[in-house]
Amino acid sequence: MPSRRFNNGDTAMARWPGSSLYFEVQIVSYDPSTQLYSVLFKDGTDMELKENEIKKLQDFAVEKRNGEDVVARRALLHEQSPVIQAEEKVEEPQAKNEKVLRYSKRKEYFLESDNKEGPKEFISKPEATNILPDEYPVVEFGGAIGAALSMLSMPPLLYYLVYMCTQEDASLCNFYPHWTFSDLWDSTVFGYFALWILLLALLHLLPIGKIAHGVRLANGKRLRYRINGLLALFLVGILVAVLSYQRISLLYVYDHLHQFAASATLLSLMLSAYVFIRSRTASQEDLSTAGKSGNLIYTFFMGRELNPHIGKFDLKHFSAVHVALIGWVFNNFIMLLAEMNVQQLEIPSPSMILVNAFQLLYVLHALWHQENILTSLDIAHDGFGFMLAFGNLVWVPFVYSLQALYLVKHPVEISQAALAAIVALNTFGYVIFRRANNLKNAFRKNPEDPRLSYLNSIPTSYGSQLLISGWWGFVRHPNYLGDIIMAWAWCLPCGFDYILPYFYGFFLTGLLIHRVSRVEHQCRRKYGHDWDKYCKLVPYRIVPYVY
Ligand SMILES: NC(=O)C1=CN([C@@H]2O[C@H](COP(=O)(O)OP(=O)(O)OC[C@H]3O[C@@H](n4cnc5c(N)ncnc54)[C@H](OP(=O)(O)O)[C@@H]3O)[C@@H](O)[C@H]2O)C=CC1
Ligand SMILES: CC(C)CCC[C@@H](C)[C@H]1CC=C2C3=C(CC[C@@]21C)[C@@]1(C)CC[C@H](O)C[C@@H]1CC3
């Protein structure tokens, strides 16, 4: 077993991932199986780092800044290998300077000058760029009016879409529902839905699966998450198999789809109200940026608290991973059974198989890379309010499965050639989506990974680098491009009789175009002028020469 360089309790200097900046840490523990150290930064951030990312205090010298002793890396960085340079310079006599070390706050950096002879430049983060402070009020989704309109229109739109998909004539204007109260509400269905959520919650709490850390939040904390979405999906699969074997018909869900959607909507409302009320006692540092806006409607929609927990139970992570993604593939599977039942088929239609397979692949990918969801805008930046509660509990399971629902009553004849073309289109989208996401995530984890050395990137004064080659040099959001291509490939198996099953294609394209502006706003805030430089180098957002 390789020997370790640092002992628990040692004070050392650790490199902030993705940057060349070192900060004081305390060694908390060491895991010999992964050879990773658990370290604690002075601001309370904990992280797992490799040994080569940690240096002894003696490798750094003390400099006086504003009358305070602060630690600076003695070495001037070499572009390719900052670590080697640091080790070379350790031999300098000044570097052995032993003093009681005191450090300024972690946010104060030394910017290693390109000029080896020149003095090191002391910068503090906000002055280095035009980065806006976190408190700067940003109004998204059209503010209070946009939020109110979204909350009022989303639930009716959902019922409209579900109703239309179950109509034989699915043309958009053929909307003459003869609903009674009992068509929309059934307490027994609500009970079953609550049981389903309880089951998912128990699976979420299973103490199996590795622990991952989320990104450092605006409040400086990094949350711990249990990664067990794939296991939960597998266990739900087993449960479905057992129920089918016992001849307990899951078609009940299809027969009561409206009531299930209504139950999910009510529960999402209750959840939104709960998180809104409890956020009143949340500390200021746990609030999202939108949560500080002060407008009741807007805050209710966007979410006031960033990551509400009940004990160790993270509501946002649970609803995004377990409720949304597992609910989506579960509903798809119900539609597959319903199609066989309604159309008296021995096996599901090719269109239904394609829709199920494509979306299952997407969900499996998301769960396999569950850690990456932790860095998404929704988990890292957005509060947990109506938008995410309704989005995850209702919109994803019931609207994302719309193509499958449509196919139950609308058989589609599809040629072998068309099937092959659709598979090719989905594969094309998936390859872009997967390559782009995997590259970015691997690069964010370890920019010095030798396997990524072929990639070009630009440095930023924030610390992390921005990729400018491969898919990330092609357009600024290649993963969105892949996602959009897949979205349309999922609609095509529904044929061209009606536009209704193409709703998902239009919705996701709109969602991701809007998301580009949200993500880019965050990036401009974080990277300042460096982001503008990046935009000049990679001028198109999603489609070259178009957008
Ligand atoms: N099906 C659906 O309904 C939805 C699916 N998605 C999918 O989820 C996935 C995640 O989406 P999302 O979180 O929005 O976006 P991204 O995964 O693209 O994350 C954006 C972040 O990536 C980093 N980044 C941007 N450009 C670069 C670059 N050139 N080099 C390195 N890092 C860069 C920045 O973070 P930083 O620099 O801070 O690390 C930026 O904030 C996507 O594949 C998307 O398609 C998203 C929304 C809805
Ligand atoms: C006004 C509405 C109801 C808006 C709802 C938006 C939500 C449906 C989406 C917002 C961000 C999402 C993400 C995903 C699913 C859809 C929602 C919740 C993923 C979990 C899908 C799988 C990807 O691999 C990661 C995505 C992160 C964002």
Side-chain angles (χ1 to χ4, degrees), residues 17-18 141 146-147 149-151 153-155 157-158 215-216 229 268 301-302 316-317 319-321 323-325 328 359 362-370 372-382 385-400 429 432-434 436-445 447 455-458 460 462-487 490 504 507-512 514-516 518-527 530-531 534-535 537-538 541-542:
F141 293 98
L149 288 178
S150 302
M151 288 191 282
S153 61
M154 286 288 167
L157 178 61
L158 163 81
V215 294
R216 190 164 60 94
S268 74
F301 179 73
M302 293 296 289
K316 202 206 265 182
H317 182 228
S319 66
V321 171
V323 184
L325 297 179
W328 176 11
Q359 298 188 351
Y362 186 83
V363 168
L364 285 176
H365 174 94
L367 296 180
W368 182 262
H369 299 282
Q370 192 181 331
N372 299 338
I373 297 181
L374 306 179
T375 64
S376 70
L377 198 63
D378 319 81
I379 301 278
H381 166 78
D382 290 343
F386 180 87
M387 182 178 76
L388 286 182
F390 182 78
N392 290 319
L393 266 68
V394 190
W395 199 257
V396 175
F398 292 92
V399 173
Y400 284 22
I432 300 177
F433 172 83
R434 188 191 158 103
N437 276 325
N438 288 357
L439 266 187
K440 188 200 69 176
N441 293 319
F443 186 74
R444 276 284 170 262
K445 258 193 198 137
L455 291 170
N456 298 324
S457 59
I458 55 165
T460 67
Y462 181 85
S464 38
Q465 303 162 43
L466 291 167
L467 284 169
I468 50 159
S469 69
W471 283 109
W472 294 90
F474 181 61
V475 285
R476 296 205 291 274
H477 302 275
N479 46 355
Y480 292 2
L481 172 65
D483 216 338
I484 291 172
I485 294 174
M486 283 190 288
W490 299 350
Y504 180 75
F507 171 78
L508 195 86
T509 308
L511 180 91
L512 293 183
H514 178 238
R515 207 168 163 93
V516 164
R518 296 190 69 214
V519 166
E520 295 215 349
H521 185 87
Q522 295 299 329
C523 289
R524 194 158 283 113
R525 227 176 140 100
K526 182 170 173 181
Y527 297 116
D530 295 320
W531 183 258
Y534 170 59
C535 292
L537 288 169
V538 186
R541 299 172 184 95
I542 300 183

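When a ligand or atom number is given, it counts from 1 through the structure's own listing order.
Note on ring orientation: taking the six-membered ring where Trp is involved, the planes of H365 and H369 are tilted (angle from 30° to 60°). Taking the six-membered ring for Trp and thresholds of 30 and 60 degrees, F301 and F141 have ring planes more than 60 degrees apart, a perpendicular arrangement.
The pair D378-R518 fails the salt-bridge criterion, with no side-chain N (NZ, NE, NH1 or NH2) lying under 4.0 Å from an Asp/Glu carboxylate O.
Looking at ligand 1, you'll find an N or O of Y534 within less than 3.5 Å of one of its N or O atoms.
The atoms of ligand 1 that sit less than 4.0 Å from any heavy atom of L377 are 13 (O). Counting atoms of ligand 1 from 1 in the listed order, those under 4.0 Å from a heavy atom of K526 are 36 (P), 37 (O), 38 (O).
The closest heavy-atom contact to atom 18 (O) of ligand 1, among the options N479, T375, L511, comes from N479. The closest non-hydrogen atom to atom 9 (C) of ligand 1, taken over N437, N372, L467, V399, comes from N437. In this structure, of Y362, F433, W395, the residue bringing a heavy atom nearest to atom 4 (C) of ligand 1 is Y362.
If you take CZ on R476 and OH on Y534, they are separated by 7.0 Å, rounding to the nearest 0.5 Å.
Residue contacts with ligand 2 for N392 involve side-chain atoms from C-beta outward but no N, CA, C or O (heavy atoms, distance under 4.0 Å).
For atom 37 (O) of ligand 1, the nearest protein heavy atom lies under 4.0 Å away.
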